[in-house]
Undergrad: 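First the structure, then my questions, so here it is.
No hydrogens, no waters, no symmetry mates; every other heavy atom, side chains included, goes into these values.
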Amino acid sequence: MRKLIIPVVVIFIALLLMSMFVVKEGERGIVVRFGRILKDNNTEVARIYEPGLHFKVPVFDRVHDLDARIQTMDDQADRFLTAEKKDVIIDTYVKWRIKDFGKYYLATGGGNTSTAESLLKRKVVDSLRAEIGAKEIKQIVSGEDSISTPATADIAQTKAAKAALAVIEGVVPVKKVEGQRDQIMADVLEETRESAKDLGIEVVDFRIKKINLPDEISESIYRRMRAERESVARSYRSQGRQRAEELRARSELEVATVLADAKRKAQVVRGDADAKAAEIYAKAYNQDPEFYSFWRSLKAYETSFNSKNDILVVDPNNEFFKYMNHSELSAK
């Protein structure tokens with residue numbers, strides 16, 4: 001009898017241990033019996049086991065633990081086509097959690113997280129593709145952008161060009177275009193929440209992290225921006241040269257005016273001086289004409305015979321030598 005008690009006790013303890021299971025914090029458990037999920041009494045809702053110690057039927061019941069926490073699906077960026085038939089690369093992430101554990105278990109082939117995220121991503125991408133396909137690039141980017149109409153037909157697209165033209169030509173703002181990025185995220189979140197119910201998933205949040213253009217398009221845009229900025233720079237340079245020419249012409253005119261006025265005044269002063277000198281010479285000549293003639297002759301001799309190498313071939317009786325030939329005149 002005692003020999004039977006020990007095996008019975010061991011078997012009982014083993015069955016007891018096999019019938020016990022623990023659900024960890026942050027997880028929920030479901031029990032599958034004969035390939036079917038156990039449901040609550042008289043309902044079609046799967047029986048969910050909260051964190052703690054629970055019991056099951058040994059051997060026949062299998063417990064599957066499912067993560068009940070909010071999870072993040074952050075995959076690689078995808079390429080989308082806008083209403084302008086332009087490609088954009090959008091990087092997104094989704095916050096989700098299990099809402100209906102029974103439906104989730106069946107839809108994902110046994111609660112496989114990778115399968116769940118793959119199915120969820122397909123729904124998110126389809127919804128986002130439909131939203132992006134109906135919008136233009138300027139509507140996809142969030143924020144506000146002022147659209148301006150310049151006074152002339154020459155318009156620049158970059159902010160630097162707009163600022164330059166605002167200074168040069170004057171720009172009048174006429175309307176504002178509001179970005180619809182937030183609205184796109186709200187619409188995709190609403191649609192994905194509705195479609196993800198088939199998977200037993202609740203989509204908590206959907207966000208667009210980054211919007212980029214393909215490399216080839218980005219390069220063309222950079223070239224266009226560079227060309228526009230160079231155009232603005234050339235405009236500044238041409239205006240600077242024009243302004244420099246105007247200042248140079250004005251300064252040259254002022255210089256010419258000052259010089260002309262100075263020359264005029266100098267000529268007036270020189271004329272007055274010459275007149276005064278002529279007046280002095282005339283007075284001196286009238287006081288003693290003969291002495292004045294003699295003094296002028298001496299100055300002429302001094303100038304003519306300044307060098308020993310000077311040779312003059314003239315008639316000795318010339319008027320030039322009158323004071324040399326007539327000593328009486330010299331004596332006087």
Undergrad: For the atom pair CZ (Arg129) and CD1 (Ile90), what is the distance rounded to the nearest 0.5 Å?
TA: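 Interatomic distance, Arg129 CZ to Ile90 CD1, rounded to 0.5 Å: 9.5 Å.
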Undergrad: Between the main-chain N or O of Val232 and the side-chain N or O of Arg237, is there a donor-acceptor pair closer than 3.5 Å?
TA: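 No; zero donor-acceptor contacts below 3.5 Å.
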Undergrad: Kindly determine whether Leu66 and Ile48 satisfy side-chain contact (heavy atoms from CB on, under 4.5 Å), including the steps that lead there.
TA: CA-CA 10 Å; Leu66 301 176; Ile48 306 301; over 6 Å; no
Undergrad: As an exercise, state the distance from OG of Ser118 to CE of Met73, rounded to the nearest 0.5 Å.
TA: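 Between atom OG of Ser118 and atom CE of Met73 there are 9.0 Å.
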Undergrad: Hydrophobic clusters here meaning ILVMFWY residues chained together by side-chain heavy-atom distances under 4.5 Å, can you tell me if Ile30 and Val23 are in one?
TA: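 No, separate clusters.
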Undergrad: Take Ile37 and Tyr105, measure what side-chain contact (heavy atoms from CB on, under 4.5 Å) needs, and give me the verdict at the end.
TA: CA-CA 9 Å; Ile37 300 174; Tyr105 178 83; 3.5 Å; yes
Undergrad: Check whether more than 12 heavy atoms from other residues, nucleotides or ligands sit under 6.0 Å from atom NZ of Lys121, and answer yes or no.
TA: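 Check passes, neighbour count above 12.
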Undergrad: With Leu38 as reference, evaluate Asp61, Val32, Val57 under the side-chain contact (heavy atoms from CB on, under 4.5 Å) test and give the passing residue.
TA: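 It is Asp61; the other options fail the test.
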Undergrad: To the closest 0.5 Å, what do you measure between OH (Tyr49) and NZ (Lys56)?
TA: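 It is 10.0 Å, given to the nearest 0.5 Å.
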Undergrad: Grouping I, L, V, M, F, W and Y whenever their side-chain heavy atoms are under 4.5 Å apart, do Met20 and Val22 come out in a common cluster?
TA: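 Result: yes, single cluster for both.
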Undergrad: Donor-acceptor check, side chain of Ser235 to backbone of Ser231, threshold 3.5 angstrom: yes or no?
TA: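 Here the side-chain-to-backbone pair does not exist.
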Undergrad: Sequence neighbours excluded and cut-off under 3.5 Å, please list the side-chain donor-acceptor pairs for residues 192-207, or say none.
TA:
from	atom 1	to	atom 2	distance (Å)
Thr192	OG1	Val188	O	2.6
Arg193	NE	Val203	O	2.8
Arg193	NH2	Val204	O	3.1
Ser195	OG	Glu191	O	3.2
Ser195	OG	Thr192	O	3.2
Glu202	OE1	Arg97	NE	3.0
Glu202	OE1	Arg97	NH2	3.3
Asp205	OD1	Arg207	NE	3.4
Asp205	OD2	Arg207	NE	3.2

Undergrad: Please find the pair of heavy atoms, one from Lys103 and one from Asp100, that lie closest to each other, and give the distance.
TA: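 The answer is N-OD1, 3.2 Å.
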Undergrad: Would you indicate whether Gln76, at its atom CD, is surrounded by more than 12 heavy atoms from other residues, nucleotides or ligands within a distance under 6.0 Å?
TA: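 Incorrect, the count does not exceed 12.
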Undergrad: Provide the closest heavy-atom pair for Asp67 versus Phe101 in the form atom of the first, atom of the second, distance.
TA: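 For Asp67 and Phe101, the tightest heavy-atom pair comes out as O-CE2, 4.5 Å.
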Undergrad: Side chains of Asp65 and Phe21, heavy atoms from C-beta outward: is any pair under 4.5 Å?
TA: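 Answer no - side chains too far apart.
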Undergrad: Run the side-chain contact (heavy atoms from CB on, under 4.5 Å) test on Ile132 and Ile184 for me, step by step, so that the C-alpha distance in whole Å, both residues' side-chain angles and the decisive distance to 0.1 Å come before the verdict.
TA: CA-CA 8 Å; Ile132 297 300; Ile184 291 174; 4.2 Å; yes
Undergrad: Indicate if Val31 and Leu106 have the same hydrophobic cluster label, given that clusters are the connected sets of ILVMFWY residues with side-chain heavy-atom separations under 4.5 angstrom.
TA: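 No: no chain of side-chain contacts under 4.5 Å links Val31 to Leu106.
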Undergrad: Mind listing the closest non-hydrogen atom pair of Ala83 and Ala134 along with its distance?
TA: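 So the two residues come closest at CB-C, 4.0 Å.
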Undergrad: Contact between Asp87 and Leu81 at the side-chain level, heavy atoms closer than 4.5 Å - yes or no?
TA: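 The answer is yes, as the side chains (C-beta and beyond) meet within the 4.5 Å cut-off.
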Undergrad: Should the heavy atoms of other residues, nucleotides or ligands under 6.0 Å from NZ of Lys39 be counted, would the total exceed 12?
TA: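 Above 12, so yes.
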Undergrad: Would you compute the distance between atom OG1 of Thr82 and atom CD of Gln139 and round it to the nearest 0.5 angstrom?
TA: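 The OG1 atom of Thr82 sits 10.0 Å away from the CD atom of Gln139.
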Undergrad: Using a strict 4.0 Å threshold on nitrogen-to-oxygen distance, state whether Glu279 and Lys283 make a salt bridge.
TA: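 The answer is yes: the pair qualifies as a salt bridge.
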Undergrad: Side chains of residues 264-277: which donor-acceptor partners sit under 3.5 Å, not counting sequence neighbours?
TA:
from	atom 1	to	atom 2	distance (Å)
Arg264	NH2	Asp261	OD1	2.7
Lys265	NZ	Asp261	OD2	3.4

Undergrad: Can you confirm whether Ile137 sits close enough to Leu213 that some side-chain heavy atom of one is under 4.5 Å from a side-chain heavy atom of the other?
TA: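 They are in side-chain contact.
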Undergrad: Between atom NE2 of His54 and atom CZ of Arg47, what is the distance when rounded to the nearest 0.5 Å?
TA: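 Going from the NE2 atom of His54 to the CZ atom of Arg47 covers 11.0 Å.
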Undergrad: Give me the atom names and distance for the closest heavy-atom approach of Tyr104 to Gly111.
TA: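 For Tyr104 and Gly111, the tightest heavy-atom pair comes out as CE2-CA, 3.8 Å.
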Undergrad: What are the two closest non-hydrogen atoms of Pro58 and Ser19, and how far apart are they?
TA: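 Looks like CG-CB, 3.6 Å.
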Undergrad: Does any pair with a residue in residues 8-30 pass salt bridge (charged side-chain N to carboxylate O under 4.0 Å, His left out), and if so which ones, sequence neighbours excluded?
TA: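 Qualifying pairs, neighbours excluded: Arg28-Glu50.
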Undergrad: Does some side-chain heavy atom of Val88 sit less than 4.5 Å from a side-chain heavy atom of Asn212?
TA: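 No, too far: nothing below the 4.5 Å cut-off.
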Undergrad: By the definition side-chain contact (heavy atoms from CB on, under 4.5 Å), identify the one residue from Thr115, Leu119, Thr113 that meets it with Glu117.
TA: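 The passing option is Thr113.
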Undergrad: Are any of the side-chain heavy atoms of Leu15 and Ile13 separated by less than 4.5 Å?
TA: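 No, their side chains stay 4.5 Å or more apart.
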Undergrad: Are the side chains of Ile89 and Asp78 in contact, using a 4.5 Å heavy-atom criterion?
TA: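 They are not in contact (no side-chain heavy atoms under 4.5 Å apart), so the answer is no.
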Undergrad: Nearest 0.5 Å, please: how far is CG in Leu189 from OG in Ser127?
TA: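 The CG atom of Leu189 is 9.5 Å from OG of Ser127, to the nearest 0.5 Å.
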Undergrad: Looking at Glu131 and Lys135, does any basic side-chain N land under 4.0 Å from a carboxylate oxygen?
TA: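 Salt bridge: yes.
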Undergrad: Verify side-chain contact (heavy atoms from CB on, under 4.5 Å) between Thr92 and Asp75, making sure each step is shown before the conclusion.
TA: CA-CA 8 Å; Thr92 63; Asp75 209 343; over 6 Å; no
Undergrad: For a 4.5 angstrom cut-off between non-hydrogen side-chain atoms, does Ile140 reach Ile211?
TA: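 With C-beta onward as the side chain, the pair touches.
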